[in-house]
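Report on one structure; see the data block that follows.
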Amino acid sequence: MKNDKSKNSFVMWTEKHTEFWKFIKFMIAGGGSSVVELIVHMLLLNTVFAALTEQPVLNSALNMIGITSKGYLYTYLISTTVGYLIAFILNRKITFKADVNPTLSMILYIIMVVFTIFANGWIGSAMTTFAQAKGLSGNFWDLVIKLLGMAIPTIWTYPCNRFIIHRKKKANV
């Protein structure tokens, strides 16, 4: 093993702040997967499923989370799956270096994702209703609501990923 003098300051910092470094990597993985998800979403919505955006979806649960057309439904399902799959792989392999049963991890992750999607729909709807009641409208407030809606799930997604989904096997002592 190398001595501390041969380590650069960044490596020493990450070793000293292990949990904070995991959180930073989690946020980078989430941000990167969100960018890919957004690109896939926009490509599908404006090309493959553009013709289906005029066909309504009449389902109150789907409408609550903003899905009102068949084109948007298909786009959402595909792009969200791509984004969450990338985040799962990055967090499992790089952020947390998990080694527990991958099937169990995937099942737990799917449960968390479904909860997050519907919680996000409810949170976004509640924040929008509150903002409108207070006269907070326009692009700036839409952006604030969207950013808050994206940040709030971190309250449960990080701990779920870190301590439940992407665990490491306990070392034999």
Met127 CE to Ile152 CD1 distance, which is reported to the nearest 0.5 Å: 4.5 Å
task: Evaluate whether atom CD of Glu19 has more than 12 neighbouring non-hydrogen atoms of other residues, nucleotides or ligands under 6.0 angstrom away.
output: yes
task: Mind telling me whether Tyr109 and Tyr84 have parallel, tilted or perpendicular rings, with 30° and 60° as the class edges?
output: perpendicular
- prompt: Distance from Thr95 atom OG1 to Ile89 atom CD1, nearest 0.5 Å?
  reply: 12.0 Å
- prompt: Do the rings of Tyr158 and Phe23 sit parallel, tilted or perpendicular, given the 30° and 60° boundaries?
  reply: perpendicular
query: Got a second to check how far Ile145's CD1 is from Leu136's CG, nearest 0.5 Å?
result: 7.5 Å
- request: Starting at CG of Asn161, measure out to CZ of Arg92 and round the result to the nearest 0.5 Å.
  value: 11.0 Å
From Lys25 atom NZ to Phe20 atom CZ, the distance as rounded to the nearest 0.5 Å: 13.0 Å
statement: Per side chain to side chain contact (heavy atoms under 4.5 Å, CB included), Lys22 is matched among His166, Met27, His17, Arg162 by Arg162
message: Taking Met42 as the starting point, is it possible to reach Leu77 by hopping between hydrophobic residues whose side chains are less than 4.5 Å apart?
response: no
message: If we ignore hydrogens and angles and just use 3.5 Å, is the side chain of Lys168 paired with the main-chain N or O of Lys97 as donor and acceptor?
response: yes
- request: Could you tell me the separation between the OG1 atom of Thr75 and the CG atom of Leu43, rounded to the nearest 0.5 Å?
  value: 10.0 Å
message: Between Thr129 (side chain only) and Ser125 (backbone N and O only), is there a donor and an acceptor less than 3.5 Å apart?
response: yes
Flag, side chain of Asn63 to backbone of Ile67, donor-acceptor distance under 3.5 Å: yes
query: If you look only at pairs with a residue in residues 48-68, which of them pass as a ring pair (Phe, Tyr, Trp, His ring centres under 6.0 Å), with sequence neighbours excluded?
result: Phe49-Tyr74
- request: Quick one: sort the Trp21 and Trp13 rings into parallel, tilted or perpendicular, breaks at 30° and 60°.
  value: perpendicular
